[in-house]
Amino acid sequence: MQERYSAEDVETAAQQHWDSQQAFRVVEDGPAPKFYCLSMFPYPSGKLHMGHVRNYTIGDVISRQARMKGFNVMQPMGWDAFGMPAENAAIQNEVPPAKWTYANIDYMKGQLKRLGFGIDWSRELATCTPAYYRWEQWLFTRLYRKGLIYKRLGTVNWDPVDETVLANEQVIDGRGWRSGAEVEKREIPMYYMKITAYADELLTALDDLPDWPEQVKQMQRNWIGRSEGVEIHFPYDLTTVGESGVLKVFTTRADTLMGATYVAVAAEHPLARLAAASEPAVAEFVEDCIKGGVAEADLATMEKKGIATSLRVVHPISGEYLPVWIANYVLMGYGEGAVMAVPAHDERDFAFAQKFGLTIKPVIIPGKWGQRVDNASGVFDDPSAKLQRKFPIVARYGTSESLSWSHWQDCFAELGRVVNSGRYDGMRSSEAVDAIAADLETKGLGRKRVQYRLRDWGISRQRYWGCPIPMIYCEACGDVPVPDEQLPVTLPEDVAVTGRGSPLARMPEFYECSCPKCGGAARRETDTMDTFVESSWYFLRYACPDNAAAMVDARADYWAPVDQYVGGIEHAILHLLYSRFFTRAMRDEGLTRVSEPFTRLLTQGMVVAETYYRQPDAGKRQWLNPADVAVERDDKGRIVAATLVADGAPVVIGGTEKMSKSKNNGVDPQALVERYGADTARFFIIFAAPPDQQLEWSDSGVEGAFRFLKRVWTFAHRNRELMCSGLSATAGRDGLDLPPALADVRREVHGCLKQADYDFGKHQFNTVASATMKILNALEKAPDAECPEWAAVAAEGFSILLRLLAPITPHISHALWRACGFDGDILDAPWPEASEGALKQDRIELMLQINGKLRGSIQIDAEAPRAQIERDALASDAAAKFMDGKPAKKVIVVPGRLVNIVC
RNA sequence: GCCCGGGUGGUGAAAUCGGUAGACACACCGGACUUAAAAUCCGGAGCCGCGAGGCGUGCGGGUUCGACUCCCGCUCCGGGCACCA
C-alpha cells in the first residue's frame with residue numbers, strides 16, 4: 001500500500017478490476033430481489049456537464065447501496081440521440097447530424113466510464129438507431145389502427161422567411177431566431193396521441209405513487225386539470241349570424257350564467273371567420289391575431305385585445321341577445337375556443353369589460369359580505385366596509401351604483417349567494433349550478449360534464465433528425481400505415497441540413513414509394529416524431545435491447561417497473577407524464593403488465609456557480625470563467641471584490657446562476673476528474689447539498705473533499721496492521737468490556753451509522769457524507785494503541801466507515817477494504833447494522849429552560865423518573881438564578897431532551 | 001399571467017413528531033512544524049456587548065410553556081407552461 005493517496009492509480013486499478021469481473025453485468029435470475037435503478041439518459045450534446053455528473057452520481061450511490069443490501073441491481077445507460085441540437089450543429093459546422101451524434105456518444109461514454117459508475121454497458125442503446133426506432137414505428141402503426149393516434153390540424157410557429165416551423169425556444173420576442181422575421185401561427189395537419197383518453201387514470205393513479213415527491217404529483221394534477229362544470233349552448237341569432245347553430249362554451253361557474261353579458265371567441269372560431277367575411281375591421285383584427293408564436297407563457301402575458309362583431313347569440317335562460325366579441329386571449333386549441341364572459345366574477349373578463357366599456361352585471365354576493373341580502377331591493381350588509389349597500393343591478397364604470405365594482409377584488413371570484421338572477425335568487429352557488437344545469441338540460445341547451453385541461457399530444461415535427469412517422473399517402477387509399485414487413489422506415493443519414501424547410505421533404509428517394517394497399521404511386525410522410533416519444537419507453541427497452549424480433553420480451557416483465565428513477569425536476573410534467581401514458585398504452589397492447597413505469601422518483605436540483613463579467617461602455621457583457629478570476633475577502637471572509645488573474649484588473653461579481661455556456665460559468669467535469677479523481681468529484685457533489693436542492697459549485701469545497709479522502713487514506717495506512725489484528729477480536733464486540741473512552745468512540749461510530757441509515761432512506765446523501773467525516777474524526781481522536789481493545793474498535797469503526805463511503809467513493813473504498821484485510825470485495829460487502837448495545841448511555845444531559853428560554857442543563861440518570869427530573873431541575877443553579885423567587889406554575893418534561901419550568 | 005418549489009452565520013448546509021438553532025464542511029483568524037513556503041496537525045469563532053446579558057432561521061402578524069418547523073398576509077429568487085432536452 002502506498003503512503004500517498006494517488007486517485008489516478010487507485011481508480012484505474014478499481015475500474016480494471018470491475019471490468020475484468022464484468023462486475024455490473026446483470027441477468028434476470030437468482031434468489032435476490034431485483035432492483036432497477038435508472039437515471040434519465042443524456043442527450044449526446046458533446047461532453048458531459050456537471051448536471052450529468054450529479055445525476056449519475058446520485059443514481060450510482062443508490063445502485064451500489066442496493067447491491068450491498070442484497071438486491072440484484074440493474075443500472076443501464078443509453079442515449080436520447082434524436083433532437084434539434086444535432087441539426088443546429090449540422091447547419092453550423094456542415095457535419096451530418098448522425099456523424100456528429102455518434103462522435104459525441106463515443107466521447108461521453110468514455111467520460112462516464114472514467115467516473116466509475118456501475119453501469120451494465122451490455123444494455124446500452126441509442127434512440128437514433130433503426131434497431132431502436134423501428135419498434136417505435138411498429139407501435140405507432142398499431143396505435144394508429146386502434147384510433148389512439150389520429151390526424152388533425154394543429155397550430156405551429158411559422159417563420160415566413162426561412163419557411164420553417166420553429167420550436168418555441170427558437171422564437172425570441174415574437175421573431176424567428178435566425179431570420180429575425182415576425183413569427184406567425186399556422187395550421188398544419190399533424191398526428192396526435194390521444195393522451196386525454198387516459199386523463200382520468202393518469203390523475204387518480206397519482207394517489208398510488210407514495211414515493212414520488214408531492215410537488216411533482218401536484219404539478220401533474222394541475223396539468224391534467226380535471227374540472228367539473230357545465231357545457232352551455234348559446235343558440236346563434238339568425239338575423240345577425242345568418243345561419244343556425246349553437247356556440248358551445250364550458251364553465252365551472254354556471255352559477256354566474258345570469259351575469260354573462262357577452263361571449264368571446266378565438267380568432268380561428270367559425271363565428272370569427274363569419275364576421276370577418278363581412279366586416280373589414282374584424283377581418284383585420286383576425287389577421288392581426290395570427291402574429292406571434294404559440295407558447296402559452298407569451299399568450300398569457302400579452303396585452304388583451306378584442307373587437308366587437310355585429311353577431312349576436314341568445315342567452316339560453318334569459319333569451320337576451322349577447323354580443324359576440326373576438327378576443328386574443330381565447331384560444332382555439334383550448335376547450336371549445338369560446339367563453340361566456342361574466343365580467344363581475346372573472347378577473348380577466350372584468351379587465352376586458354372595463355377596457356371596452358362592457359356591461360358588468362354582479363350576480364354573486366361574496367361570502368364575506370354577509371348573508372343578509374334583500375333579493376328584491378338588492379340591499380345587503382358589507383361588513384368589511386361596515387356599511388349597508390345597495391347591490392348594483394348593473395355596474396357601469398363611473399356610476400355611483402357600481403362603486404364596489406369599480407376595481408377588481410379577489411372576493412368577486414368567490415362562491416357565495418346568487419342575486420340578480422330571477423328564479424335562482426337566494427341560492428348558494430353550488431345549488432345554482434345544479435338548478436341551472438338541470439334547466440339547461442331540459443331545454444336541450446347544455447349539460448353537466450367533466451373537462452380536462454390536458455390536451456392531446458401532438459407528435460408531428462417538420463424536422464429531419466427524428467424517428468420517421470411510418471405513414472404513406474395514396475390518392476386512392478388515403479392514409480395507410482407502413483406494414484410491419486416494410487419496417488423500419490429508415491432515416492437517411494448522409495444528409496445536408498440547411499435550416500430552411502425539412503430535408504426529407506426535398507428527397508424524392510425518401511418519400512417516393514408505392515401504396516401498400518393498391519400498389520400505386522404514393523408519397524411517404526416526411527414528418528418525424530417528437531423526441532419525447534423515444535424517451536417514453538426506453539426504460540422498458542433496456543431490459544432487452546438486443547431483441548430484433550420484438551419490442552419487449554419476458555425480461556422486461558422481470559425488470560419493470562423501474563424501482564428508482566433519478567432525473568432533473570425540469571422533467572416533472574412532460575417527460576414523466578408522457579412516459580406514464582405510454583406505459584399504459586403499451587399495457588393495453590399487451591406489451592407490459594405494469595401501468596406505472598417509475599415506482600420511486602427522485603428529482604435532482606440544478607448545478608449553479610458564481611458568474612463574473614465585464615461590461616465595456618454600451619457593449620455586451622463579457623462573461624469570465626470563475627477559474628480565471630481571483631476574489632478578495634475582508635477579515636471576516638466576506639467577498640468584497642474580484643479581479644481577473646490575467647490582468648489583475650477588477651471584474652463585476654454577477655451572482656449565482658445555473659451553469660451554462662452563455663454565462664461562461666461552467667466547470668468542466670473532465671478537468672476536475674483529471675486533477676482530483678472521480679471519487680473527489682463524486683464526494684463533493686454528494687456532500688455539498690441534498691440531491692433535490694440546487695448545488696452551488698465551490699472549488700474550495702472540492703479541495704475539502706479531496707483533503708478528506710487523503711485523511712481516510714492516511715488513517716488506513718497508519719492503522720492497517722493494527723486493524724488486521726483487530727479482525728480476530730470482532731466476535732462478540734457488544735460483549736467487550738470497553739474502557740469509557742473507547743466506549744464513547746464506539747457509541748459515536750454507531751450513532752453516526754444509525755443516523756446515516758436513516759438519511760439514506762430519505763435520500764439525504766449529504767448527511768451520509770457528513771457521517772463518514774464524523775466517524776473519521778472520532779477514530780482519529782481516539783486514545784491510541786496502548787489499550788488492547790482499540791484494535792477491535794478501530795477495525796469495526798473503519799470497516800463501517802468504508803462501507804458507508806463505498807456507494808459514494810467506490811474506488812478508494814475498494815482499495816482500502818482490501819488493504820485493511822477485510823473479507824472479499826466491498827462491492828458485495830454486507831451493509832453494516834448499528835448496534836443498540838453500543839448506543840446505550842447511563843447518564844444523559846437534559847436542557848433546562850425557564851419560561852421557554854435556555855438557561856442551563858442538568859446531568860441525570862438515563863432512567864430517572866419524572867419526579868426526580870423535576871426535583872433536580874428546580875434545585876439547579878439556573879433555576880435559582882432565573883426564577884426570581886417565583887413559584888413554578890408548571891414543569892414540562894420532554895423525555896431525553898429538556899425540562900421547561902414555567903413560572 | 002398561471003402552476004410548483006425555495007429563502008437559516010462570511011459561504012454550502014444540519015436540526016426525524018413543535019423541544020439545545022447552526023452538526024459536518026468551506027472560507028477566515030490564531031498556534032505548531034519549517035530557514036521560508038506548500039502540505040499537514042492543533043485551537044477559535046452566529047451577531048451586538050467589557051460583562052451580566054440581549055438579539056437571531058427573507059419581512060409583518062398569529063397559535064403555543066416552547067416555532068426554522070403550524071396558521072394568515074407579503075416579498076425576493078428558481079423550475080415548468082405542451083416544438084429545448
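A quick note: this is a predicted structure, and the numbers were derived from the prediction, not measured.
The phosphate of B/C83 (OP1 or OP2) has a side-chain N or O of A/R461 nearer than 4.0 angstrom. Put simply, A/N222 has no side-chain N or O that comes within less than 4.0 Å of OP1 or OP2 on B/C2. The side chain of A/Q693 contributes an N or O atom lying less than 4.0 Å from OP1 or OP2 of B/A13. Between A/K710 and B/U40 there is a side-chain N or O to OP1 or OP2 distance below 4.0 Å. OP1 and OP2 of B/A67 both lie 4.0 Å or more from every side-chain N or O belonging to A/K853. One finds a side-chain N or O of A/K762 lying less than 4.0 angstrom from the OP1 or OP2 phosphate oxygen of B/A15. Note on A/Q220: every side-chain N or O is 4.0 Å or more away from OP1 and OP2 of B/C3. When the side-chain nitrogen and oxygen atoms of A/N777 are compared with OP1 and OP2 of B/A25, one or more of them lie within a distance under 4.0 Å. One finds a side-chain N or O of A/N168 lying less than 4.0 angstrom from the OP1 or OP2 phosphate oxygen of B/A82. Phosphate contact (OP1/OP2 of B/A85, side-chain N/O of A/T531, threshold under 4.0 Å): present.
Atoms CZ (A/F683) and P (B/G12) sit 19 Å apart, rounded to a whole Å. Residue A/M84 contributes atom CE, which lies 5 Å from atom P of B/A85 at whole-angstrom precision. A straight line from CG of A/L854 to C1' of B/G56 spans 14 Å, rounded to a whole angstrom. Per the geometry, NZ belonging to A/K185 stands 15 Å off P belonging to B/C83, to the nearest Å.
Nearest to the side-chain atoms of A/E696 among the listed nucleotides B/A14, B/G79, B/G12 stands B/G12. You'll find that the side chain of A/E570 is closest to B/A85, out of B/C81, B/U16, B/A85. Between B/A21, B/A27, B/C24, one nucleotide has an atom nearer to the side chain of A/R707 than all others, and that is B/A27. Among the nucleotides B/G12, B/A14, B/A39, the one closest to the side chain of A/T767 is B/A14. Nearest nucleotide to the side chain of A/K781, out of B/G43, B/C84, B/C65: B/G43. Checking B/A39, B/G1, B/A13 against the side-chain heavy atoms of A/T301 singles out B/G1 as nearest. Closest approach to the A/I573 side chain among B/C83, B/A82, B/G80 is made by B/G80 (side chain taken as heavy atoms from C-beta onward). Considering only the side chain of A/R855, B/G54 comes nearest among B/A52, B/G54, B/C83. Considering only side-chain atoms of A/Q755, the nucleotide from B/C83, B/C55, B/U16 that sits closest is B/U16. The A/Q215 side chain lies nearest to B/G5 when the options are B/A25, B/A39, B/G5.
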Under the criterion side-chain hydrogen bond (donor to acceptor under 3.5 Å, both in side chains), I'd like the reasoning laid out for A/R711 against A/N777: C-alpha separation, chi angles, the key distance, then a yes or no. CA-CA 10 Å; A/R711 272 172 61 206; A/N777 288 347; 2.7 Å; yes
For side-chain hydrogen bond (donor to acceptor under 3.5 Å, both in side chains), just list the numbers for A/S502 and A/Q462, CA-CA rounded to whole Å, side-chain angles, deciding distance to a tenth of an Å, and then say yes or no. CA-CA 6 Å; A/S502 160; A/Q462 298 68 43; over 6 Å; no
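Straight-line distance between the P atoms of B/C55 and B/G66: roughly 14 Å, to the nearest whole Å. A gap of 32 Å separates the C1' atoms of B/C24 and B/U75, to the nearest Å. Taking the C1' atom of each, B/C81 and B/G54 are spaced 49 Å apart, rounded to whole Å. Annotation: B/C74 and B/G1 have their P atoms spaced 14 Å apart (nearest Å). Taking the C1' atoms as reference points, B/C17 lies 23 Å from B/C72, given to the whole Å. Taking atom P on both nucleotides, B/G73 is separated from B/G5 by 15 Å, rounded to a whole Å. Separating the C1' atom of B/U8 from that of B/C76 is a span of 16 Å, rounded to the nearest Å. For B/G22 and B/U11, the C1' atoms lie 13 Å apart once the distance is rounded to whole Å.
Of the two residues near RNA chain B, A/Q764 and A/S460, the one whose nearest nucleotide lies more 5' is A/Q764. Of the two residues contacting RNA chain B, namely A/G83 and A/A295, the nearest-nucleotide position lying further toward the 5' end is that of A/A295.
Taking the centre of each ring, A/H763 and A/F765 come in below the 6.0 Å mark. For A/F532 and A/W457, the distance between ring centers is not under 6.0 angstrom.
Residue A/Q462 places a side-chain atom within donor-acceptor reach of the base of B/C83, judged by atom type and a 3.5 Å distance cut-off alone. Between the side chain of A/E296 and the base of B/G1, a donor-acceptor pair under 3.5 Å is found.
Under the 4.5 Å side-chain criterion, counting only non-hydrogen atoms from C-beta, A/P97 is in contact with A/V497.
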Could you write out RNA chain B as a dot-bracket string, with dots for unpaired bases, | for bases paired across to another strand, and Watson-Crick or G-U pairs counted at under 3.5 Å? (((((((..(((......[....))).(((((.......))))).(((....)))..(((((..]....))))))))))))....
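Screening A/F687, A/F683, A/Y676, A/W713 for a ring pair (Phe, Tyr, Trp, His ring centres under 6.0 Å) with A/F706, the sole residue that qualifies is A/Y676.
Contacts of A/N766 with the nucleic acid, taken as non-hydrogen atoms under 4.0 Å apart, involve only primed sugar atoms and P, OP1 or OP2. Nucleic acid contact for A/F532: base, since at least one base atom lies under 4.0 Å from a heavy atom of the residue.
Between A/K194 and A/D456 there is no salt bridge, since no side-chain nitrogen of the basic residue lies less than 4.0 Å from a carboxylate oxygen of the acidic one.
A donor-acceptor contact under 3.5 angstrom links the side chains of A/T767 and A/D759, judged on distance only.
Pairing each heavy atom of A/G176 with each of A/D159, the nearest pair is CA-OD2, 3.8 Å.
In this structure, A/R348 forms no cation-pi arrangement with A/Y329, as its terminal cationic atom is not both closer than 6.0 Å to the ring centre and no more than 45° off the ring axis.
Here A/R843 pairs with A/D861 under the side-chain hydrogen bond (donor to acceptor under 3.5 Å, both in side chains) rule; sequence neighbours left out.
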